[in-house]
Amino acid sequence: MNAPTARPTAHRRPFPLSRLALGAVLALGAATSAQAQSLVELYEAARGFDATYLAARSQYDANLFRADQARAGLLPEAGLGAAASWARRETNGFDSSSNSRSATLSASQPLYRPVNKLNYDQAQLSIDIAKAQLVQAEQDLIVRTTQAYFDVLAAQDTFTFVQAQKTAVAEQLAAAKRNFEVGTTTITDSREAQAQYDLVLAQEIAAENDLRVKKLTLNQLVGRAAVEPKPLVAPVVLPDLLPADPQAWVSRSEGTHPTILQATRNLEIAQLETRKAEAGHKPTVDLVAQYGISRAPSSTALAPAGNVRSNNASVGVQFNLPLFAGFAIQNRVKETLSLEDKARTDLEAARRGVDLATRSAYLGVVSGQGQVKALEAAEASSQSALDANRLGYQVGVRINIDVLNAQSQLFQTKRDLAQARYNVLLSGLRLRQASGSLLADDLQPINALLVK
């Protein structure tokens with residue numbers, strides 16, 4: 001049937017449940033269970049469980065032990081040797097047998113071995129590389145934990161908003177059906193509301209599944225079951241970005257960034273490798289000592305036949321000078337010089353990469369902050385638009401689909417705003433990671449924004 005030209009308002013009811021649903025969404029995070037965990041708490045749990053981080057720690061320990069092996073070239077060496085033999089001899093029908101035993105203790109101390117000293121210097125530089133690699137693993141764990149934490153919160157927000165939207169659409173559907181029954185609206189309003197309700201049901205199923213996946217990811221990262229992260233307080237005031245200068249963030253990275261530090265140490269190790277190659281022409285000097293005991297048969301004019309024990313001791317200096325090695329040393333020097341140039345180029349590439357990553361991360365934070373402000377304004381505008389469409393629907397100047405669209409726009413804006421806030425907080429950590437200054441203490445300001 002045709003809709004009347006003037007729609008009476010006697011059969012229209014306000015939407016108190018919808019407003020209650022909106023109020024619940026605005027107060028999202030105000031009520032949490034006593035078992036909810038904070039970001040810092042879950043990060044500490046991840047440090048003791050995450051396989052990637054634990055593997056990095058084991059690799060760090062292995063690198064330290066490998067570096068300690070280079071000290072062996074500077075320390076004395078000692079060895080103990082022993083031998084025993086038995087012999088039988090038959091001559092012109094006479095049999096004879098003899099046995100002998102010996103033991104030798106030897107020791108040596110390098111006095112001048114330039115290659116061994118350079119190996120030790122390289123090992124000390126490799127310790128710095130191992131530390132830088134562990135710092136990178138820790139920073140990566142901080143970002144991964146925060147990402148998983150906010151992924152769960154964002155999925156919870158989406159699920160909550162969809163449920164609130166389903167409640168509002170259900171109320172709008174019920175109102176459209178009542179108005180159709182009394183003849184104040186057409187069947188179109190009911191069908192539009194039904195289509196919107198069915199769509200929201202599909203979105204609810206997808207949002208619930210996404211929430212389960214995100215929770216499983218966080219559970220696996222921290223090694224706990226049924227993790228419930230604490231949400232942000234409402235309303236939340238995001239911290240300002242300080243310093244507000246990209247060059248200041250880039251300057252932080254010079255000399256302290258793990259990537260730059262590794263490239264710098266690799267260059268120094270390459271330079272020492274060239275010195276090792278040049279040391280192939282140099283002599284080596286060792287202090288050697290030996291003490292031996294032997295017992296063997298003897299028959300001389302001074303001693304009767306039988307086993308004779310002899311003790312031998314010696315101490316001396318051993319000198320060795322390479323004269324010609326088939327041009328192997330010269331070619332090795334040329335090789336290490338080329339590798340040194342490569343390491344120098346890698347260092348420059350690392351600096352450029354860190355500079356670009358830091359500036360890009362800075363722009364990401366600034367852009368995110370601008371997006372949050374824009375979405376906050378859009379949220380207020382969407383709320384006003386929804387109120388206006390509801391009023392217009394009651395007086396007959398708006399149709400049901402206008403109210404449904406306004407509701408959908410408001411909930412989508414709220415969801416986008418929540419996600420934008422998470423992105424700003426995460427981008428702040430990524431900026432510190434890009435500049436090489438990210439620490440576990442940087443989680444404390446974010447932790448302070450969570451519900452207590």
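All heavy atoms count here, side chains included; hydrogens, waters and symmetry mates do not. The model shown is predicted, which means the values in this text are computed figures rather than measured ones.
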**Message:** Going by the rule side-chain hydrogen bond (donor to acceptor under 3.5 Å, both in side chains), which residues pair with Q37 if we only count those two or more places apart in sequence or in a different chain?
**Reply:**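 Q37: no side-chain hydrogen bond (donor to acceptor under 3.5 Å, both in side chains) contacts found.
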
Side chains of [X] and [Y]: donor-acceptor distance under 3.5 Å anywhere?
{"X": "Q409", "Y": "N405", "answer": "no"}
{"X": "Q139", "Y": "R432", "answer": "no"}
{"X": "Q194", "Y": "D198", "answer": "yes"}
{"X": "Y60", "Y": "Q133", "answer": "no"}
{"X": "E340", "Y": "T274", "answer": "yes"}
{"X": "R390", "Y": "Q172", "answer": "no"}
{"X": "D151", "Y": "Y422", "answer": "no"}
{"X": "K166", "Y": "Q203", "answer": "no"}
{"X": "Q262", "Y": "N266", "answer": "no"}
{"X": "E335", "Y": "N331", "answer": "no"}

**Item:** Side-chain heavy atoms of H281 within contact of I329, under 4.5 Å
**Value:**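 The answer is yes; the side chains approach within 4.5 Å.
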
**Prompt:** Quick one: does F159's side chain get under 4.5 Å of D210's, heavy atoms only?
**Reply:**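 Result no, sub-4.5 Å side-chain heavy-atom pair not found.
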
**Message:** The test is side chain to side chain donor-acceptor pair (under 3.5 Å); show your working for Q136 and D140 and say whether it passes.
**Reply:** CA-CA 6 Å; Q136 282 185 317; D140 178 67; over 6 Å; no

Verify the neighbour count for atom [atom1] of [X]: are there more than 12 heavy atoms of other residues, nucleotides or ligands below 6.0 Å?
{"X": "R191", "atom1": "CZ", "answer": "no"}
{"X": "F65", "atom1": "CZ", "answer": "no"}
{"X": "R275", "atom1": "CZ", "answer": "no"}

**Prompt:** Pairs in or reaching into residues 64-81: which pass side-chain hydrogen bond (donor to acceptor under 3.5 Å, both in side chains), with residues at least two apart or in two chains?
**Reply:**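 The answer is none; no pair qualifies.
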
**Asked** Is a salt bridge present between R359 and D355, judged by a nitrogen-to-oxygen distance below 4.0 Å?
**Response**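 Salt bridge present between R359 and D355.
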
**Asked** Salt bridge check: are D128 and R265 linked by an N-O gap of less than 4.0 Å?
**Response**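 Judged by the 4.0 Å cut-off on N to carboxylate O distance, D128 and R265 do form a salt bridge.
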
**Message:** Quick check against the 3.5 Å criterion: does H257 have a side-chain atom that pairs as donor or acceptor with the backbone of V250?
**Reply:**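 No, the answer is negative, given that no donor and acceptor are paired below the 3.5 Å cut-off.
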
**Request:** Could you tell me whether the side chain of N116 and the main chain of L74 form a donor-acceptor pair under 3.5 Å?
**Result:**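 Checked: no pair found.
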
**Request:** Run the numbers on K276 and Q122 for side chain to side chain donor-acceptor pair (under 3.5 Å), then give the verdict.
**Result:** CA-CA 10 Å; K276 283 171 56 179; Q122 286 180 322; 3.3 Å; yes

